[in-house]
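In what follows, a single structure is set out as structure tokens and then discussed.
Lettering of chains follows the sequences in order, A, B, ..., and the numbering in each one begins at 1.
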Amino acid sequence: MEPQALAALIAERVLAQLSSHGVEDLPAEVDVALERPRSADHGDWATSVALKVAKHAGVPPRDFAAALATDIGSLPGVAVADVAGPGFINITLEAGAAGELVATILELGEHYGQSTALAGETINVEFVSANPTGPLHIGHTRWAALGDCLVRVLRSAGADVTSEFYVNDAGAQMDTFGESILASILGEAPPEGGYQGSYIADLAARVLEQDPELVGESRAEQIARARDTGYRLQLADIKQSLTDFGVEFGVWFSERTLHENEATGTSLIDSSLERLRAGGHVFEEDDAVWVRTTDFGDDKDRVIRRANGVYTYFAADAAYYLSKTDRGFEKKIYLLGADHHGYIHRLKALAGAAGEDPEKNIEILIGQLVSINGAKLSKRAGNIIELDDLREWLGVDALRYSLARYPADSPLSLDPEILTKRSNDNPVFYVQYAHARTHQVARNAEASGVATDTFDPSLLTEPTEAALISSLADFPRVVTQAANLREPHRVARYLEDVAALFHRWYDHARVTPQGDDPIEPVHHTRLSLNNATGQVLRNGLALLGVSAPERM
RNA sequence: GCCCUCGUAGCUCAGCGGAUAGAGCAGAAGACUUCUAAUCUUUUGGCCGCAGGUUCGAUUCCUGCCGAGGGCGCCA
């Protein structure tokens, strides 16, 4: 039996108990959270619903729990339901009822774990959004991994998700970028505050190769062409780095398009300002134009157009936000580094000024930065560590996994020595090895004549089997929770748990009989459990963008 | 000064308001003529930064303090 089905049955019993205690205003539905208990002595599933609901019935939690446990104990498929502690109910399923799940998993295949929890939501997830003036570095790496995993998890929960990269290709830094490349081409000293690192020289050589006529042009033309060609090359490099890292974006949004005039002679920024003005949140002071973001909790109002008539970066932010709304995204998720946390209030205020709900339509996930022990700094990019170097050093799987297994707000320092190890202390190998092992077991089993066509879940009576099965049953709940909380790391932690339970089971129960022992129905049945475990590990790794090798 | 995040075992870190706070590593002791030991079994190790508050119940929520990191612009 699947936990969702059991939870629904229990919810009915809770309502019945409540009404038998004379509770008038029964809740429309009771959320029975079935949890996997920490201790195996506590059965397959536990619920604290009695503790939460007893107050409404006006009876002591333990009494309520006792009556409810009796009801649950008589449900089909339930072997035992006990009251423990202050009013927990521990439930043990009959082996056959629990094991039916194995067939369900094999039937659903790669769809097992998907849900409709977020069906109907249109979500825009923006992340990385690096300036196209240099290679991606370690500061972008965590968001690339985490954002991509979040997108996968949200989709798995049924949301309609678009991943988006905001290209900061407008503003003074692009000219500085062009000047830096040009200086390198002409053999001049780099401009003050210009871009450093040998990647500039690389770009300069490539720009010159594509545009050899450039040297004869006027200075202004030279800068413009160095800038535009360099931009095109650098953006292509960034896309390649992300593709190599397994990260795909649905939309590359150019900031320039917000500034450019449309046929009407106004830009998106112009019209956005008018829309904010129409909402009544714009005022003028000291010759500048301001948005009254303090109406929505910002600590100060923000200038949107300077006294000299030039728009601020905030103006582009506003136009970009409205663009997302206009493109049909009900929910906008931003992934930002801790160094951008000062933007939370003003971005939320922006949503409010645009007439939306800052609590609902915009979410900003702030993450702590990553450090790497003993990482070599990149000569190519100056004083930073490049994503490409990290990927080549540690591999896509180890890098993605180790970045995705921690919550975003947890400060993180990676240890390359561990990440390149092939052993238990490297979680990605631990999980991948478990997956490879399920394939090895299946290969051996099939070679010895063990097959999945005989399946009798009531034979799965080993304690390690019960634990493995209930952990497999937990997968859909974990994915849904990861999506709801925007915390993909839960998937990684879950996989480590499944891998551990699988290795333990492998050690205690054989799929292929040893030596000349005969093949029995239990062996056939265990092959299905083995295969179902492989399926769950594969599905989970796919959510993290990590490969699931069949052999290691 | 104001704002944000973090503080859990020796280390790296989990922990949707619930049970005796967990995992891996490190330390100690075991299991390989193996369905791949890249694994498993047993075990040592905690004033959950400190002090209050809310709650039947707080590592979790709130307030203050201490400590670490980051941020404050008519820059982008």
Starting at the 5' end of RNA chain B and moving along, which residue's nearest nucleotide shows up first, A:Arg443 or A:Asn308?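 By nearest-heavy-atom nucleotide position, the 5'-most residue is A:Arg443.
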Of A:Tyr430 and A:Glu496, whose closest RNA chain B nucleotide lies nearer the 5' terminus? A:Glu496
Hey, is the side chain of [X] poking within less than 4.0 Å of OP1 or OP2 on [N], counting only N and O atoms?
{"X": "A:Arg405", "N": "B:A14", "value": "no"}
{"X": "A:Ser410", "N": "B:A14", "value": "yes"}
{"X": "A:Gln173", "N": "B:A76", "value": "no"}
{"X": "A:Arg490", "N": "B:G15", "value": "yes"}
{"X": "A:Arg346", "N": "B:G73", "value": "yes"}
{"X": "A:Lys52", "N": "B:G57", "value": "no"}
{"X": "A:Arg302", "N": "B:G73", "value": "yes"}
{"X": "A:His489", "N": "B:G15", "value": "yes"}
{"X": "A:Arg306", "N": "B:C75", "value": "yes"}

Just wondering, more than 12 heavy atoms not from A:Glu285 lying within 6.0 Å of its CD? yes
Which nucleotide sits closest to the side chain of [X]: [options]?
{"X": "A:Asp339", "options": "B:U36, B:A19, B:G71", "result": "B:G71"}
{"X": "A:His503", "options": "B:U41, B:U39, B:A19", "result": "B:U39"}
{"X": "A:Met552", "options": "B:A38, B:G70, B:A14", "result": "B:A38"}
{"X": "A:Arg493", "options": "B:C13, B:U5, B:A19", "result": "B:C13"}
{"X": "A:His345", "options": "B:A76, B:U36, B:C3", "result": "B:C3"}
{"X": "A:Ala84", "options": "B:A19, B:U39, B:C74", "result": "B:A19"}
{"X": "A:Arg504", "options": "B:U41, B:U36, B:C74", "result": "B:U41"}
{"X": "A:Gln440", "options": "B:U41, B:A76, B:U36", "result": "B:U36"}
{"X": "A:Gln481", "options": "B:C16, B:A38, B:U39", "result": "B:C16"}

Checking all strands, does A:Ile366 fall into the base, sugar-phosphate, or nothing category for heavy-atom contacts under 4.0 angstrom?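 Since no nucleic acid heavy atom lies under 4.0 Å of A:Ile366, the category is nothing.
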Mind checking A:Tyr406 for me? I need base, sugar-phosphate or nothing, with any heavy atom below 4.0 Å counting as a touch. sugar-phosphate
After noting the C-alpha distance and the side-chain angles of A:Phe253 and A:Tyr320, does the key distance pass the ring-ring contact (aromatic ring centres under 6.0 Å, His included) rule? CA-CA 9 Å; A:Phe253 193 98; A:Tyr320 184 39; 4.8 Å; yes
Would you mind checking if A:Asp228 and A:Arg256 are paired as a salt bridge, meaning a charged N to carboxylate O distance below 4.0 Å? yes
Do A:Arg62 and A:Val83 make a side-chain contact, defined as non-hydrogen atoms from C-beta onward lying under 4.5 Å apart?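 Yes; the side chains approach each other to less than 4.5 Å.
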Given pairs defined as Watson-Crick or G-U wobble with both distances under 3.5 Å, what dot-bracket annotation applies to RNA chain B, with ( ) intrastrand, [ ] crossing, | other strand and . unpaired? (((((((..((((....[...)))).(((((.......))))).....(((((..]....))))))))))))....
Hey, is A:His341 doing a stacking thing with B:C4, by the 5.5 Å centroid and 30° angle criteria? yes
Step-by-step ring-ring contact (aromatic ring centres under 6.0 Å, His included) determination, A:Tyr343 to A:His340: CA-CA 6 Å; A:Tyr343 291 33; A:His340 283 76; 5.1 Å; yes
Rounded to whole angstrom units, what separation is found between the CZ atom of A:Arg62 and the P atom of B:A19?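 Value for this atom pair: 15 Å.
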